[in-house]
There are 2 protein chains.
Amino acid sequence: MGSVVIDRIGIVCWMSIAAINSTLLRQSGRAARRFSIMASTQQGKVGKNKVQFSLKTPKGTKDWSDKDVVIREEIFSRLSGLFKRHGGITLDTPVFELREILAGKYGEDSKLIYNLDDQGGELCSLRYDLTVPFARFIAMNNIQSMKRYHIAKVYRRDQPAMTKGRMREFYQCDFDIAGSYDSMIPDAEALSIVVEGLSTLGIKDYKIKLNHRKILDGIFQVAGVSDENVRKISSAVDKLDKSPWEVVKHEMVVEKGQTEETADKIGEYVKLNGTLQEVYSILSQDVSITSNEKAKQGLDEMATLIKYSEALEIDSHISFDLSLARGLDYYTGIIFEAVTSASAPPKNAAELKKKAKGAEDASEYVGVGSIVGGGRYDNLVNMFAESTGKKSGQIPCVGLSFGVERIFSILKQRAEQASTIRPSATKVYVMAFGGGKDWAGYLPERMKVAKQLWNAGVATEFVYKAKSNPRKQFDAADKCGCPLAVILGKEEYLDNKLRVKRLGPEFANDDGELIDAADLVDVVKRKLEEIYQDGTDEVTKLFSQL
Amino acid sequence: MGSVVIDRIGIVCWMSIAAINSTLLRQSGRAARRFSIMASTQQGKVGKNKVQFSLKTPKGTKDWSDKDVVIREEIFSRLSGLFKRHGGITLDTPVFELREILAGKYGEDSKLIYNLDDQGGELCSLRYDLTVPFARFIAMNNIQSMKRYHIAKVYRRDQPAMTKGRMREFYQCDFDIAGSYDSMIPDAEALSIVVEGLSTLGIKDYKIKLNHRKILDGIFQVAGVSDENVRKISSAVDKLDKSPWEVVKHEMVVEKGQTEETADKIGEYVKLNGTLQEVYSILSQDVSITSNEKAKQGLDEMATLIKYSEALEIDSHISFDLSLARGLDYYTGIIFEAVTSASAPPKNAAELKKKAKGAEDASEYVGVGSIVGGGRYDNLVNMFAESTGKKSGQIPCVGLSFGVERIFSILKQRAEQASTIRPSATKVYVMAFGGGKDWAGYLPERMKVAKQLWNAGVATEFVYKAKSNPRKQFDAADKCGCPLAVILGKEEYLDNKLRVKRLGPEFANDDGELIDAADLVDVVKRKLEEIYQDGTDEVTKLFSQL
């Protein structure tokens with residue numbers, strides 16, 4: 001803090017307190033009422049009558065603006081639309097919770113929780129995920145069933161790794177179904193939402209790895225792992241997507257004290273993967289599995305799930321993969337992860353990584369890993385519910401989370417190929433051409449025209465100058481990249497005529513169409529329909545690519 | 001903290017650590033990995049081996065869910081749509097900023113800033129408004145011009161007054177135009193956005209009070225107020241919307257040491273209000289005003305604004321009101337406030353207030369006050385820019401802020417009359433009617449039908465039971481309030497027929513229409529168009545009322 005760093009976004013600034021005060025006496029303000037010396041001393045740098053601070057966002061955070069925010073908002077609107085199609089209701093919880101609500105929920109990761117200053121009131125912390133607040137809400141309001149979605153920021157005081165898209169402030173995008181229902185029905189719908197979601201985001205080359213915790217635990221029992229070691233071994237298996245079997249086996253035997261035989265037995269199973277039908281039939285013919293109570297339970301549930309996923313036509317996207325364990329301990333049923341080739345690091349990852357060192361841009365390269373994750377957790381709400389003394393606290397849940405930061409990175413890469421995305425939605429630029437000292441520049445007239453278009457719902461801008469030459473007006477229109485100009489010609493306008501012209505280099509020599517002022521809205525809407533055929537604009541096009 | 005309170009939402013919970021641990025050994029999890037004793041001792045209550053805490057949201061915050069969040073999201077989508085129509089680009093800044101960015105910006109209100117714990121890194125605080133982050137962004141990136149909008153939560157450790165909608169976490173909804181332009185052009189567009197915004201929110205009975213800081217300051221000079229007292233007197237005038245002139249005069253003379261003559265002179269002017277034209281012509285014939293440099297400047301700018309507001313057809317909504325001063329010091333040009341009769345407290349306010357005591361619901365009664373506020377502030381960005389040593393730091397701004405919490409309260413009241421709003425967007429409920437032990441309940445078949453509708457973009461649900469009786473399925477459909485049922489009859493379905501039926505009491509005896517399964521999507525879409533004529537659903541209707 002305060003040290004003289006000049007990084008990509010940290011601009012070191014020196015301002016004398018005298019300067020500040022005089023500034024403030026002159027101006028004061030919403031962002032600058034009475035300047036308190038306190039403020040400057042707070043900064044611990046009043047040496048040589050200078051206040052020093054750098055203009056930047058806090059470590060691990062960034063401003064979202066320009067094209068990035070356009071792409072991200074489109075992701076959000078598509079996913080929330082999807083969630084609503086499935087009966088989802090959104091829930092907006094406070095960004096901070098009572099500290100005791102979060103306490104003891106994240107084990108060793110609790111150290112990553114952002115605490116608010118104790119200011120002599122309740123002790124609060126920024127939310128670490130969206131799941132604990134959801135569970136708190138369900139238990140607090142004694143809700144028996146809910147389909148809720150929540151797209152919001154969460155906070156972790158992690159070591160930022162921008163290149164991997166790991167930020168301290170980032171979005172989660174969760175859909176969860178809470179309630180006691182017949183087996184595997186909400187689970188199947190959750191998987192359908194993953195398929196529909198990735199398709200609405202234009203991501204086609206993916207597969208959903210699926211496994212069942214009960215089958216996995218059964219396999220560990222069969223292999224001879226004692227119950228208290230199950231989670232430890234499970235987390236070893238979880239590393240199989242990054243490490244070869246030998247490494248994982250070594251961890252099991254050497255670090256986690258399993259016998260060679262146990263490890264090899266586990267190895268036989270966790271190597272299994274294929275279609276739901278394939279793996280199911282192998283396991284259902286395996287007596288050591290079917291004779292294990294837990295595994296048998298899981299297998300029966302899988303049989304049900306297979307039936308439903310065929311009905312929902314999602315089975316072709318799913319790979320039954322016994323090596324999938326998922327890090328989180330709380331899953332009690334199916335677990336799944338969607339991976340895409342696009343989520344693998346590009347050839348030049350290393351180089352990009354070097355380039356991106358300390359960069360604030362989460363999208364500098366697409367990190368490895370899953371783009372959707374989820375599973376069933378039947379005992380989570382219970383924890384809060386029990387704590388309120390309710391006996392009816394058992395609210396089973398199945399949920400999923402789209403990794404929006406990673407999905408953003410993939411789409412951002414596309415956007416760079418398709419450079420058509422633009423930050424503003426402006427469709428029409430209203431201009432006036434004329435000349436002569438006698439000519440005022442038709443500003444009120446431009447305003448009248450813009451107003452008509454605004455009222456018709458057409459995004460419209462004009463140059464904020466009373467009088468401006470054509471060049472300047474064309475430049476402004478180019479800058480915002482809008483496709484259409486409405487031109488008030490000095491004489492033409494007096495005859496109640498307007499000129500509607502396509503913009504862009506390919507139309508440089510096109511004088512456009514002279515129309516009756518009365519037809520303005522109709523003509524503009526017709527031309528915009530021509531330009532954005534099948535009603536898709538630049539953003540929509542991006543998502544339909546690939 | 002921890003004391004045994006049982007209020008509306010605070011549920012006191014006791015759970016024995018033994019219970020927690022056994023629970024956690026059983027389940028552990030995303031929200032419940034290893035339970036750390038730390039956590040419980042943190043809570044400072046381990047007496048008698050009990051952990052006590054209440055399930056609630058922090059003071060001054062609330063969960064937004066159900067109908068409320070539906071109404072609020074509609075407000076946001078309408079306003080962001082409006083902002084985009086005017087070329088606005090959204091900016092998403094981190095929820096916390098470096099403390100030094102906020103330091104000294106809010107004068108005595110700085111004590112209301114939420115600080116994050118010093119965790120051995122940068123000192124950060126939750127944003128207090130959206131304007132300082134905007135100014136920081138503009139200065140940090142050396143941006144010369146931007147139309148930005150930002151709808152997000154801000155944080156103030158204020159004494160919550162739920163009945164007035166004053167929360168510690170609440171939304172702001174800002175649109176600002178930064179850049180050096182010809183006089184009054186962006187100002188006029190800002191006012192047009194206020195008019196368009198209130199109309200798109202269905203608020204019709206409002207007026208925009210408008211004044212100009214330079215005219216006001218000029219009047220004070222003319223009346224003999226010394227420059228160093230101008231802001232003090234201005235804030236006295238600001239009270240005229242709540243207090244009668246006599247009270248304000250008393251404050252000026254007795255508390256703020258002005259002469260009777262000065263006070264009376266000010267009184268003559270600040271009583272003036274009327275149409276832009278009326279008040280302008282009075283002032284422009286007043287030599288003492290026109291001979292004052294500041295007032296003359298303001299008056300000339302008003303002349304320009306009048307011309308533009310006529311072109312934008314917003315002049316009829318504006319009242320030139322010399323008593324409007326606005327609390328914030330930083331305004332340098334026009335200032336405005338939109339007020340509506342609906343924003344006055346209802347007859348039974350007092351009673352409601354009593355009822356709402358300590359309530360967490362911001363909408364229990366509609367508080368007094370303006371529903372939009374804004375003005376020109378030309379020196380704000382400058383403060384950050386100067387601090388970076390840039391000379392080109394002068395970025396004039398004009399901005400406005402919709403008071404979404406108040407607007408929400410108004411619309412919520414309407415929603416209570418029009419009880420049609422429902423939390424979910426579900427339009428179709430898929431059911432199966434049959435019977436007999438031989439009949440499985442058509443669950444996979446219901447899934448197939450639902451999938452077709454999801455793919456067609458129709459929000460669809462079905463009961464999560466393999467087999468369910470008609471009553472239960474109708475109840476579920478009623479609960480979510482959706483208008484249409486698609487019914488799989490045991491025999492009908494075998495003939496590839498589906499039954500499409502309107503729901504609701506008035507259709508109790510209507511058996512619906514038997515259709516070919518192949519026509520499902522077309523028929524459903526047609527019927528939904530009939531139900532939601534002119535494409536408006538329950539939410540849209542709410543906004544078109546009144």
Side-chain angles (χ1 to χ4, degrees), chain A residues 11 13 15 27-35 39 43 53 55 57-58 61 63-65 84-85 87 89 91-94 100 103-105 107 115 117 122 124 131-132 140 169 181-182 185 311-312 328-330 379-380 383 387-388 423-426 444 447-448 451 454 459 461 464-466, chain B residues 11 13 15 27-36 39 43 53 55 57-58 61 63-65 84-85 87 89 91-94 100 103-105 107 115 117 122 124 132 140 169 181-182 185 311-312 328-330 379-380 383 387-388 423-426 444 447-448 451 454 459 461 464-466:
Chain A
I11 305 154
C13 2
M15 71 193 294
Q27 77 202 44
S28 215
R30 164 162 46 162
R33 303 208 203 127
R34 275 151 257 79
F35 184 89
Q43 298 161 20
F53 64 95
L55 272 188
T57 60
T61 69
D63 296 314
W64 286 84
S65 64
K84 284 179 187 161
R85 280 204 294 285
I89 300 173
L91 170 68
D92 175 20
T93 63
E100 58 219 19
K105 303 299 188 304
N115 290 329
D117 231 352
E122 300 162 323
C124 298
T131 312
V132 167
M140 178 175 122
E169 175 184 66
Y181 300 112
D182 285 358
I185 306 176
L312 292 169
L328 298 168
D329 293 351
Y330 67 92
N379 301 319
L380 183 51
M383 188 188 173
S387 73
T388 67
S424 91
T426 306
M447 287 176 164
K448 281 202 185 73
K451 182 74 174 188
W454 289 330
E461 291 187 87
Y464 286 159
K465 283 183 70 56
Chain B
I11 306 156
C13 3
M15 70 194 295
Q27 78 201 46
S28 216
R30 165 160 46 162
R33 301 206 206 128
R34 275 152 260 77
F35 185 89
S36 88
Q43 299 161 20
F53 63 95
L55 275 187
T57 59
T61 70
D63 297 313
W64 285 84
S65 65
K84 284 178 185 159
R85 280 204 294 286
I89 300 173
L91 170 68
D92 175 22
T93 64
E100 60 218 18
K105 303 299 188 303
N115 290 329
D117 232 351
E122 302 162 322
C124 298
V132 167
M140 179 176 120
E169 174 183 67
Y181 300 112
D182 285 359
I185 306 178
L312 291 169
L328 298 169
D329 292 353
Y330 67 92
N379 301 318
L380 184 50
M383 187 185 173
S387 73
T388 68
S424 90
T426 306
M447 287 176 163
K448 283 202 183 76
K451 183 74 173 188
W454 289 331
E461 291 187 89
Y464 285 158
K465 284 184 70 54

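Order of the sequence lines fixes the chain letters, A, B, ..., with proteins taken first and strands second; residue numbering starts at 1 for each chain.
Separation of atoms OG1 (B:Thr93) and CD (A:Glu169) is listed at 8.0 Å; rounding is to 0.5 Å. Taking SG from A:Cys124 and CD from A:Glu100, the interatomic distance works out to 9.0 Å, rounded to the nearest 0.5 Å.
Between chain A and the residues B:Ser424, B:Ala311, B:Ser65, the largest count of heavy-atom pairs under 4.5 Å involves B:Ala311. Between chain B and the residues A:Leu312, A:Asp92, A:Asn115, A:Thr426, the largest count of heavy-atom pairs under 4.5 Å involves A:Asp92. When the candidates A:Pro423, A:Gly87, A:Pro94 are compared by the number of heavy-atom contacts under 4.5 Å with chain B, A:Pro94 comes out ahead.
Looking at B:Asp182, its side chain does come within 3.5 Å of a backbone N or O of A:Ala466 through a donor-acceptor pair.
Taking every heavy atom of both residues into account, A:Asp63 and B:Met140 meet most closely at OD2-CE, 3.8 Å.
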